[in-house]
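Data first, discussion second: the structure below is written as structure tokens.
Just so it is clear, the values below take in all heavy atoms, side chains as well, and ignore hydrogens, waters and symmetry mates. Order of the sequence lines fixes the chain letters, A, B, ..., with proteins taken first and strands second; residue numbering starts at 1 for each chain.
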Amino acid sequence: MEPAEDWLVESLRLYQDFHAFDLSEATRVLEWIGDKGVFVAGYESRKKNEILHLTLPFRLSVKENQGLFPERDFKVRHGGFSDRPVFDLKHVPDTRLLVTSGLPGCYLQVWQVAEDSDVIQAVSTIAVHEKEGHLWPRVAIFSSVAPGILHGVRLSSLKVVDLESQKTMYTSGVSDSDELSSLQVLDAHTFAFCCTSGRLGLVDTRQKWAPSENLSPCPGSGGGRWCAEVGGRGRGPGPHIASLGSDGHLCLLDCRDLSHPESSVQCAVSTPSPAPELLRVTWAPGLDNCLAISGFDGTVQVYDVMSWDGMGGQAEPLFTHRGHVFLDGNGIDTAPLVTTHTWHPQKPRTLLSAASDASLHVWDWVDLRASC
Amino acid sequence: MPEIRVTPLGAGQDVGRSCILVSIGGKNVMLDCGMHMGFNDDRRFPDFSYITRNGRLTDFLDCVIISHFHLDHCGALPYFSEMVGYDGPIYMTHPTQAICPILLEDYRKIAVDKKGEANFFTSQMIKDCMKKVVAVHLHQTVQGDYNMTPDRHLGAAWIDKCRPNLLITESTYATTIRDSKRCRERDFLKKVHETVERGGKVLIPVFALGRAQELCILLETFWERVNLKAPIYFSTGLTEKANHYYKLFITWTNQKIRKTFVQRNMFEFKHIKAFDRAFADNPGPMVVFATPGMLHAGQSLQIFRKWAGNEKNMVIMPGYCVQGTVGHKILSGQRKLEMEGRQVLEVKMQVEYMSFSAHADAKGIMQLVGQAEPESVLLVHGEAKKMEFLKQKIEQEFRVNCYMPANGETVTLPTSPSIPVGISLGLLKREMAQGLLPSAKKPRLLHGTLIMKDSSFQLVSSEQALKELGLAEHQLRFTCRVHLHDSRKEQETAARVYSHLKSVLKDHCVQHLPDGSVTVESILIQAAAHSEDPGTKVLLVSWTYQDEELGSYLTSLLKKGLPQAPS
């Protein structure tokens with residue numbers, strides 16, 4: 001118990017606020033609904049999994065007099081049951097619908113969050129014709145009056161399907177069999193893809209397939225599995241892509257010129273990642289130039305990309321969240337692995353992180369560089 | 001009679017006025033009698049008129065069981081027993097019996113003195129009510145407001161696989177996922193530390209019993225680790241009372257506290273000292289634990305008045321404050337308070353509301369249901385619409401029925417009570433000695449007498465029963481005559497009867513005795529000549545009452561006649 005106690009005392013200095021929860025089952029999903037609620041879902045293959053809509057403790061949304069709000073708990077607002085593991089969950093904006101993906105990967109499940117009760121009900125499925133063994137389709141949502149579901153297992157099977165009519169609105173039309181690792185919708189007509197090989201692209205759905213792409217994965221790295229996210233700013237004004245490899249390489253590219261990466265670093269993690277499918281890189285919505293990574297161990301690391309120079313050097317994280325390592329109260333031998341993390345949409349330094357031991361943390365880290 | 005009927009009388013949505021009526025085994029039991037803290041009118045009491053509109057409650061209710069001393073579970077007890085009227089037994093554990101009257105009296109004082117309530121129960125009523133209390137041990141009743149993670153000072157609730165017909169649980173917190181205890185303590189330490197670091201003073205109003213001891217241990221450990229020098233004080237009144245109660249109930253507390261108590265006196269801390277009212281004026285940082293908990297009077301209010309004007313200071317309220325108290329006012333955000341003599345106190349100090357309350361959450365409730373293994377689950381204190389998911393979860397995971405009645409709604413649960421009956425060894429041996437053991441497809445009929453002694457059932461042989469009861473045994477024997485056409489001698493007829501029955505009744509013991517009679521089990525068949533007609537033989541079939549069934553069957557079988565004898 002000693003290291004845990006030491007870390008807790010340290011945490012007084014490191015965190016402005018810190019909450020630790022135990023879910024009944026671990027989640028790989030943390031999807032926001034507004035800025036007051038998140039969805040989590042189980043991913044076990046042998047039993048029914050729960051999908052839960054949790055509302056954050058009220059004190060986190062209060063602007064002043066936070067001290068007068070003693071409740072620090074999550075509330076389960078809605079719940080539902082899934083027969084199969086849930087690996088990805090997306091909320092369709094401005095609706096009460098959710099889309100989930102898991103194994104077997106031949107269909108996506110659409111859910112409805114009830115208005116007059118606390119139940120999340122399965123309503124329909126979207127067929128993904130290829131059944132690919134252990135591969136499952138990635139999902140992103142084109143939000144509009146008629147939402148479109150972007151999904152695919154490989155570049156060749158990329159499609160946009162109208163949610164209501166289930167008609168295919170767009171297909172990639174290529175035969176490239178590169179396996180997809182992430183999909184991200186950027187605006188009404190553009191989306192970004194990242195393949196497990198590290199191949200990145202930005203696609204305009206109004207044109208026939210002609211994405212702007214990078215030439216090869218980040219220089220200085222060899223193979224491994226990649227994921228990426230578009231967000232933030234680097235040296236240029238426009239959006240950038242941060243690309244993370246299972247060998248610990250983190251690469252920064254300007255969206256206007258994917259062929260020449262701006263900078264890259266080797267993250268301070270033990271490599272390779274024991275679970276490359278869980279790799280995650282996210283841009284902070286409220287901070288310039290900050291991003292977070294997870295998927296290597298029981299930590300979440302925050303980096304400031306402006307502090308990088310050149311290519312391939314070692315980078316020190318601005319902050320490392322070690323809560324999942326130290327608060328492992330279950331006494332299981334294997335150290336927990338962070339399965340996913342996400343930034344709070346409003347509070348600049350607040351993140352949520354979940355781990356394989358079913359823990360869920362909400363933490364507000366202190367930027368120790370700030371002098372005042 | 002084998003049904004269990006449950007009717008909640010308490011509030012549907014909020015936590016408060018816990019009160020459940022249960023009819024079980026022919027008895028009517030009231031579980032808890034709580035007060036709803038949020039209301040000032042009749043809504044704060046359970047609706048007792050549901051129990052009986054005209055009759056006396058004492059006639060209808062067999063007993064009242066109080067789970068624990070929180071006011072939302074026992075707050076309405078004096079009102080119920082003394083103002084509405086109930087004279088039957090009230091069961092609760094020893095600690096609850098000790099603590100209940102204190103909390104009730106505190107609450108009464110605040111309600112009457114602070115809020116000026118008129119129609120409230122009096123101190124004498126509390127005393128009279130407590131006279132009706134019968135204290136019991138834990139294996140006789142179960143703790144309420146359970147928490148599966150051990151509180152620092154009380155043991156965790158742990159239920160053996162008791163497999164009840166019904167488990168009644170509050171669902172209010174079943175949709176909550178609680179922040180870990182460590183994080184709540186961390187928040188407390190952080191607030192105290194920050195205040196002390198900037199030279200401020202921290203006031204923590206506490207009740208004599210409750211979190212105070214826990215928070216002290218926490219601070220002591222922290223002070224030691226971080227090597228802090230600011231003094232921590234604890235008012236002596238608190239110490240005495242607390243020590244007294246802990247000595248009484250040491251068996252109810254958890255291991256850590258027990259060890260602490262045994263190794264040293266509860267309050268022999270290194271860094272925590274007894275408070276003197278003069279210390280409140282000392283310069284520099286300090287932390288003080290003082291009573292009472294809601295800042296409504298006494299030392300804590302005195303200190304509050306001295307420190308309120310400085311924004312470097314902090315007051316940490318560790319629990320719920322009743323309306324009308326200063327505690328309640330500042331927790332509602334009030335920054336200007338009117339004190340006696342129309343003096344206005346400006347509150348510049350930081351106000352922090354921290355909840356260390358001990359309710360379980362979703363995970364805890366599921367764990368409890370899993371351990372107890374009930375046949376059915378009943379949820380109270382929740383809105384049906386908001387409980388649908390929990391109901392499904394419980395039904396799926398444990399494969400039990402889950403009910404959610406509204407206030408005044410009755411749920412009837414059929415039960416199949418199993419009554420164990422002991423069988424006397426003598427009887428069992430005798431039956432087995434008769435040969436041919438029963439099989440699943442062919443059960444055997446066993447005759448015995450059921451005796452109810454004390455609260456157990458025994459199946460014994462009739463002879464033993466008669467002996468125990470001192471009665472004489474009478475034998476009942478039936479005899480029937482069956483006429484057969486047979487001109488042969490009786491002995492031959494008897495032999496025919498024997499071979500016929502032997503072939504038909506393969507499962508029974510058929511014997512041909514030397515005197516010519518035939519027996520089937522204990523049934524005797526004798527052949528005799530007809531007095532007038534030589535062509536007719538009369539079979540005398542006689543059997544005891546016990547073999548009535550077989551006897552009747554044999555008679556009808558023989559009446560059908562015998563198969564033709566081979567010539």
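- A side-chain donor-acceptor contact under 3.5 Å links B/K190 to the backbone of A/L12.
- Only the backbone of B/I330 comes within less than 4.5 Å of a heavy atom of chain A; no side-chain atom from C-beta onward does.
- For B/V226, the part sitting under 4.5 Å from any heavy atom of chain A is the side chain, from C-beta outward, and nothing else.
- Atom NZ of B/K312 has 12 or fewer heavy atoms from other residues, nucleotides or ligands within 6.0 Å.
- In terms of non-hydrogen atom pairs under 4.5 Å with chain B, the most contact-rich of A/I120, A/V76, A/D116 is A/V76.
- Proximity of a side-chain donor or acceptor of B/D179 to a complementary backbone N or O of A/D73 within less than 3.5 Å is not detected.
- Here the CD1 atom belonging to B/I177 is positioned 9.5 Å from the CG atom belonging to A/D22, to the nearest 0.5 angstrom.
- Of the listed residues (B/E397, B/M354, B/Q392), the one with the most heavy-atom contacts under 4.5 Å to chain A is B/Q392.
- For A/L360, no part sits under 4.5 Å from any heavy atom of chain B, backbone or side chain.
- Salt-bridge annotation for A/E5 and B/R225: absent, with no side-chain N of the basic residue lying under 4.0 Å from a carboxylate O of the acidic one.
- No side-chain heavy atom of A/S11 sits under 4.5 Å from any side-chain heavy atom of B/R182.
- When each of A/E71, A/H78, A/K75 is checked for heavy-atom pairs under 4.5 Å with chain B, A/K75 comes out on top.
- Within a 6.0 Å sphere centred on CZ of A/R322, other residues, nucleotides and ligands contribute 12 heavy atoms or fewer.
- The line from CD1 of A/I51 to CZ of B/F389 is 9.5 Å long, rounded to the nearest 0.5 Å.
- Neither the backbone nor the side chain of A/Q66 comes within less than 4.5 Å of any heavy atom of chain B.
- For B/M387, the part lying near chain A is the backbone, with the side chain staying farther off; criterion is any non-hydrogen pair under 4.5 Å.
- Within a 6.0 Å sphere centred on CZ of A/F58, heavy atoms belonging to other residues, nucleotides or ligands number 12 at most.
- A/K47 does not touch chain B: none of its heavy atoms, backbone or side chain, sits under 4.5 Å away.
- Interface residue B/R186: backbone and side-chain heavy atoms are both found under 4.5 Å from chain A.
- When the candidates A/F81, A/F74, A/F69 are compared by the number of heavy-atom contacts under 4.5 Å with chain B, A/F81 comes out ahead.
- A 4.5 Å side-chain heavy-atom check between B/D187 and A/R72 finds at least one atom pair inside the cut-off.
- Rounded to the nearest 0.5 Å, atoms NZ (B/K363) and CZ (A/F21) are 13.0 Å apart.
- In terms of heavy-atom pairs under 4.5 angstrom with chain A, the leader among B/M317, B/Q396, B/E194 is B/Q396.
- Between atom SG of residue B/C183 and atom CG of residue A/L8 there is a gap of 7.0 Å, rounded to the nearest 0.5 Å.
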